[in-house]
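Both counts, for ligands and for their atoms, begin at 1 and track the order of listing. Worth knowing before you read on, the calculation uses all heavy atoms, side chains too, and leaves out hydrogens, waters and symmetry mates.
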Amino acid sequence: MRALRRFTVRAQLPEQLAPLQTLATNLRWSWHPPTQDLFARLDPDAWDRAGHDPVRLLGEIPSARLAELAADAETVVTVRELADDLAAYLSGPRWYQDEREDDPSLPAAVAYFSMEFGVSEVLPNYSGGLGVLAGDHLKAASDLGVPLIGVGLLYRSGYFRQSLSLDGWQLEHYPVLDPQGLPLQLLADADGAPVHVEVSMPAGRTLTARVWQAAVGRVPLLLLDSDIEANDADLRGVTDRLYGGDQDHRIRQEILVGIGGVRAVRAFCRVTGHPEPEVFHTNEGHAGYLGLERIRELQTGDGLSFDEAVAAVRAGTVFTTHTPVPAGIDRFPIDLVRHYFSDTLLPGVPVDRVLALGAEENPSMFNMAHMGLRLAQRANGVSRLHGAVSRGMFGSLWSGFDAAEVPIGSVTNGVHGHTWEAREVTELLGDPAPGGEPAPGREPVPDAMLWALRNTLRSRLVDEVRRRVRAAWLERGASTPELGWTDHVFDPNVLTVGFARRVPTYKRLTLMLRDPDRLRDLLLDPHRPVQLIVAGKSHPADDGGKALIQQIVRFADDPAVRHRIVFLPDYDMSMARYLYWGCDVWLNNPLRPLEACGTSGMKSALNGGLNLSIRDGWWDELYDGANGWAIPTADGIEDPARRDDLEANALYELLATQVAPAFYERTDGVPERWVELVRHTLGTLRPQVQATRMVREYVQDWYAPASRAAAGIIADDFAAAKELAGYRARLNAAWPRVTVSGVDASGLPDTPVVGAPMTVHATVDLAGLDADHVCVEAVVGRVDESDDLEDAVSVAMKHVGGTDGASRFEAVVPLPHAGLAGYTVRVLPAHPLLASPAELGKVVLAG
Ligand SMILES: *Cc1c(COP(=O)(O)O)cnc(C)c1O
């Protein structure tokens, strides 16, 4: 007989062991080795049966064993000590509390919205890098004491699990998760009734969700779940899968995470007494409707107009964009948005204003990234290069400005050290010092010890590869007697290269197969062989991606090479860990500049893995010539096939002539050059790639200013929001008539030399605006043949009077460069509540 549904009953723990419940449900165990060791010791077999999932473990341990443990003094003491340690971690002051003592304007709370969260494999609520980054953000915030509240959806089937057919085609499975068996707790009112969050759907329907809370150390993560009886069948399915449905399904998910998410935060703060967030951070555009819900709150609760509410919302919102691929931007047909927003979803919020927030080049599409940028006063990309690419990509929202002036900054992603670093690395090196020097009081580690560490980690990976290859073949339909060879797959002494990531085209999974003979030669080299692990999931709707996977699998199935190259199905956090620990080289060959940041290479670097990568994303700024290798890019080459040829060729060359020799040249068994690269990587990259570095940057450069702006704008009954909205209205009315009518630089010296003063005068028709409501700037720089200004310096001009609507301005500008120079004059909005002069995307140029 088959069960209709599964559910999990939690064990009744003896009183002495009761703290195990908190130790198992607070996800801090996932980055705390002593707690993991405790779970493993309780019942090693049950721990393995439970797939190293503490909540499952507690259900697996037989009650006789529990009684035995409860009678064992040592176990009871360890449980209590670890529970005390967790309690101290959860309540004591940390970095943020110190910072806030010096700067009370730091926010009391920040809400962090994301469509996916990869905190741990026991909560499979992510598809790839975006979710794992969000998980690392929460964990680092917890370590630093940053008062974050995470907000997302709980997917009944998460993302899919991947297996392979016999002929190497990706198959997808969607195991159903039981929230009762996950480290989650329902958000409930004081009287114990589950909190329900509602959002209106068209035709008078209501989408209701309950709210699960996960504890990520100190950070609560709220996950909305629509699979409850109160909902119509189709609405129950809103949170069924991550990235699994059509546009209609997706917009419902985004309405739920954004609008429902804000309502869940409000309920959470009401029920728990947690301070209300002063800053809202949206990780990618998916949750952008959160801004509309906050506009509604301000309109209905505080009596603000739409424009005043926009001003207030923008001040406290940070938007992080993650994709430099235009096709990767989240967009909806405008009619679909109208369908959902015309009705009672957000009473009082005019639908035409909503639609204008998502306007883009194509008038029939609604662009979530554009809305994200319009509803956030602060926006950033996720590496320096990606910041620059984003300024170009979204430049149309700030037309008239040079790309460099587009107000999108960058925070380079980081990874959570204690999650991704093998414990042996931490034991050997201590926690990384920010400057890269050895931790205080520690002697430099001898070469032989570093090398032994790398050998240990590689060896563990090889065992894991064998286990997984065997399991994968059994799943593909092979029988045990045929699989003897899998015991000898890979060699713990061979140079091991890893390549694992999702499989969109730009990541070029199959670049390594460009010249199959060349690859085969590298793998089978009699003296300096290479072994290669490939893994990654293709989006279920992307047959192109599945075909790429199949190409790799077919190549790796060849008995001549199958001991040196494997494709491991079902890449997820539990597999990824072994790869980051054990691979000697982490390979990444995206089509530059389409990788926004990339974080897997950072996780490899934490463990002394050396990156071999195209200079894209984070590697563009952190490659220093001695921490790995940069694959030269053929950026300028238009023909994609030729570009692939050139870059693949460069990759083979590097492997054969640089990487393999450094690995195999030994002195007394130790590859000295290799160990030097490893040492340098651990010394310099390890501190820089930490998620705590990233979260500190967000706090100092993004959350703090957003919190100050938000506090300023809501003070005195929203006086500043009203002032700013009024200013924008006056500006909008006058702007089309603002003109620069005369520019004169008669003050130019006869023989201009660098640094000589040039006096510029301008006459401007301000169309009724006050002179202090604008900034008139003289701009001087180099010019090329087309008179485009470069390396320009701008100087604010002084208002020196005026008559009859003509205001005169003047400035003295020291000539900044030698050579061909040019100048112009421009008018910009100026208001103390603007974060940047480009913010409103308004500029009037002379001429
Ligand atoms: C880190 C990680 C990723 C992201 O890797 P990229 O380098 O950004 O492609 C994807 N999946 C898992 C499981 C990860 O741990």
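For the pairing with Phe555, the side-chain contact (heavy atoms from CB on, under 4.5 Å) check across Val534, Leu523, Thr510 returns one residue only, Leu523.
Residues Asp570 and Lys537 are in side-chain contact: their nearest non-hydrogen atoms beyond the backbone lie under 4.5 Å apart.
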Are there any protein N or O atoms under 3.5 Å from the N or O atoms of ligand 1? List them with distances, or say none.
| residue | atom | partner | partner atom | Å |
| --- | --- | --- | --- | --- |
| ligand 1 | 7 (O) | Thr599 | N | 3.2 |
| ligand 1 | 7 (O) | Ser600 | N | 2.9 |
| ligand 1 | 7 (O) | Ser600 | OG | 2.5 |
| ligand 1 | 8 (O) | Thr599 | N | 3.2 |
| ligand 1 | 9 (O) | Lys507 | NZ | 2.8 |
| ligand 1 | 15 (O) | Tyr580 | OH | 3.2 |
| ligand 1 | 15 (O) | Lys603 | NZ | 2.6 |

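Looking only at atom types and distance, the side chain of Asn380 has a donor-acceptor partner in the side chain of Thr320 under 3.5 Å away.
With salt bridges taken as basic N to acidic carboxylate O contacts below 4.0 Å, none links Glu172 and Arg241.
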Before giving the answer on salt bridge (charged side-chain N to carboxylate O under 4.0 Å, His left out), spell out for Arg502 and Asp542 the whole-Å C-alpha distance, their side-chain angles and the decisive distance to 0.1 Å. CA-CA 11 Å; Arg502 290 178 303 109; Asp542 178 11; over 6 Å; no
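Geometrically, Arg28 engages Tyr89 in a cation-pi contact, judged by NZ or CZ lying under 6.0 Å from the ring centre and within 45° of the ring axis.
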